2 protein chains.
Amino acid sequence: MSRSQVIDFSKIKISCGDCNIHELCLPRGLELQDLEQLEKVIKRTHPLQTGDYLFRAGQEFQYIYALRSGSIKLNLMDEQGNDQILGFYFPGEILGLDAIDKKQHLCSAVALETSSYCAFSFSNLSEICQLVPGLQNQMLRLMSRELTHENELLLMIGTKNAEERMATFLITLSSRFHQLGYSAKEIKLSMSRQEIANYLGLTIETVSRIMSRFQREQLISVNRKQVNIKNPDVLKHISSGSNAGSGKVQWYKQ
Amino acid sequence: MSRSQVIDFSKIKISCGDCNIHELCLPRGLELQDLEQLEKVIKRTHPLQTGDYLFRAGQEFQYIYALRSGSIKLNLMDEQGNDQILGFYFPGEILGLDAIDKKQHLCSAVALETSSYCAFSFSNLSEICQLVPGLQNQMLRLMSRELTHENELLLMIGTKNAEERMATFLITLSSRFHQLGYSAKEIKLSMSRQEIANYLGLTIETVSRIMSRFQREQLISVNRKQVNIKNPDVLKHISSGSNAGSGKVQWYKQ
DNA sequence: CGCGTCGTTGAAGCCGCTCAATAGATGTGG
DNA sequence: CCACATCTATTGAGCGGCTTCAACGACGCG
């Protein structure tokens, strides 16, 4: 029992029941005795610092990760070095599910700020799923939700213009923050303009210009990474594409 | 035992073991006795005709579908009627997995030609997963693969230009056909130009122009929906983006 | 044959990218 | 504490790839 400044994370008692994001996370809906099963396979870890990798593309797949605090970006790179950010992750969300098939991570996950997480051994998890129907269903639901998110991202990038994407991004972020118990109006971005641009399939200049325009039009106020949503209704209107009668792309309506 | 011309599909004995796409499909890797479990929950059906819906957005989620023959497009529509094709599906591939979370289909699946399929009751399937570890793992793998496909699509649309997308589309199609035992060189497209364009985030005119250009450059020969790959190597080269030294977008390389 | 659908091709315009310069923030060392 | 370097973000000017608009051709079907 030393008073060492270094916390020994392997000694910390892990309990999903006490976790404040319990209702958002993997154990959602599990019974108490099932929870204990789950807690047995959690690996203790140090928190990540900004820029640290949760996992890298190419690494062997071993764990599924539940984010407890902070934020993480997931990105995919091809042989030419083209890099695409696939999503930003916040507390309660699960990372690593796409590696199940190839037993190897194809994406990389990088901390955007100091972030803590739980790691679940996948092989153990999949054994427990065999015993706990609720957990199996939760796993399937989580993967299904992941699919839904990507579907919506594809729909956005395929059909919306730059202004609509930017508005959608802000509104979605606001709503996710709200669900986590933070303010829906005052948002602290943990990602850079470059990362926003990449995620939305735009350039950093376009993102910057549109944010400036939104500010001129009193929809938001921006100060570096601090964004205040001043007119969510108009933003939602823009994000839905309803305001464009002119240059709007009329993609393939049947 | 009538000689009725109408086949009664409910009487047909279903056996995954005899199915010719058995090794590509849901039962892949299952033991014989486990297969029997699986076969019990297959719903018998009539084949779909071109334009028929396998399922529609909004419908209650009840079945997971395995395509046996033909091809199907999956698309997602937003409130404004913007429509995005998320993927084209061929024999052995599974549809409907993204509906698990919301217990409701968010996408629609439409037959591009006469297509037959198997329908598995999801609630029964998920019970069997509890008993058959191999099936549970196969389900997870399938969803993971689906995620991987969407990731790659996002990477393509986010980083590649029109020519590269078109080349990637043709090469990918060729490879999938080859895996199914068809010719990798002579491809019969079941989707329209409009559907290709939508899928790739382009317009029909751009798709048409690029296919004409590819034909002029002797990379393919096109006759309506019949496409012959004449120079796969150069196509692969284009699809990887290696040929562009000029106007190539240099997205956010770190 | 007339009609509708689908696909091709041309010309022109626009949205978002590229290039470039500047400002602001952060960090470092003397 | 300030000069300097570095990195991120902003803003402007110009260009280009893809879209838009339009006309035409090819094919299938009644």
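Since the structure is predicted, the reported quantities are computational estimates derived from the model, not experimental observations. Below, chain A is the first sequence line, B the second, and so on; all start at residue 1.
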Whole Å only: how far is the CD1 atom of A:Ile196 from the C1' atom of D:dA9? 11 Å
Which pairs of donor and acceptor atoms, one on a side chain in residues 165-178 of chain A, lie under 3.5 Å apart (sequence neighbours left out)?
from: A:Arg165; atom 1: NE; to: A:Lys160; atom 2: O; distance (Å): 2.9
from: A:Arg165; atom 1: NH1; to: A:Leu200; atom 2: O; distance (Å): 2.8
from: A:Arg165; atom 1: NH1; to: A:Gly201; atom 2: O; distance (Å): 3.4
from: A:Arg165; atom 1: NH2; to: A:Ile157; atom 2: O; distance (Å): 3.2
from: A:Arg165; atom 1: NH2; to: A:Lys160; atom 2: O; distance (Å): 3.1
from: A:Thr168; atom 1: OG1; to: A:Glu164; atom 2: O; distance (Å): 2.6
from: A:Thr172; atom 1: OG1; to: A:Thr168; atom 2: O; distance (Å): 2.7
from: A:Ser174; atom 1: OG; to: A:Ala184; atom 2: O; distance (Å): 2.7
from: A:Arg176; atom 1: NH2; to: A:Phe88; atom 2: O; distance (Å): 2.7
from: A:Arg176; atom 1: NH2; to: A:Glu93; atom 2: OE1; distance (Å): 2.9
from: A:Arg176; atom 1: NH2; to: A:Glu93; atom 2: OE2; distance (Å): 3.2

Rounded to the Å, how far apart are A:Gln194 CD and D:dA9 C1'? 11 Å
So, are B:Glu163 and B:Arg213 salt-bridged, with charged N and O less than 4.0 Å apart? yes
Give a yes/no answer on whether the side chain of B:Arg224 brings an N or O atom under 4.0 Å of OP1 or OP2 in D:dA26. no
Establish whether the base of C:dG10 is bridged to the side chain of B:Arg209 by a donor-acceptor pair shorter than 3.5 Å. yes
Is the phosphate of C:dC17 approached by A:Thr203 (side-chain N or O, under 4.0 Å from OP1 or OP2)? yes
If you assign B:Thr206 and A:Thr206 each to the DNA chain D nucleotide with the nearest heavy atom, which residue ends up on the more 5' nucleotide? A:Thr206
Let me know the distance between CG of B:Leu202 and C1' of D:dT20, rounded to the nearest Å. 14 Å
Roughly, in whole Å, what's the span from CZ in A:Arg165 to C1' in C:dC15? 11 Å
Write down the distance between CZ (B:Arg213) and C1' (C:dT9), rounded to a whole number of angstrom. 13 Å
Side-chain N or O of A:Ser212 closer than 4.0 Å to phosphate OP1/OP2 of D:dT11: yes
Counting the benzene-type ring for Trp, do B:Tyr65 and B:Phe55 have ring centres under 6.0 Å apart? yes
Does A:Ala162 or A:Glu205 map to a spot on DNA chain C nearer the 5' end, using the closest nucleotide for each? A:Ala162
Whole-Å gap separating P (D:dC27) and CD (B:Gln226): 14 Å
d(CD1, B:Ile210; C1', D:dC18) in whole Å: 9 Å
For atom CD1 of B:Ile204 and atom P of C:dC6, their distance in whole Å: 9 Å
State the CD1-CZ distance between B:Ile204 and B:Arg209, to the nearest 0.5 angstrom. 11.0 Å
Please assess A:Thr114 against A:Gln49 for the test side-chain hydrogen bond (donor to acceptor under 3.5 Å, both in side chains), listing each intermediate value before the final yes or no. CA-CA 4 Å; A:Thr114 304; A:Gln49 298 304 315; 3.3 Å; yes
Counting only side-chain nitrogens and oxygens, does A:Ser192 get under 4.0 Å of the OP1 or OP2 atom of D:dT8? no
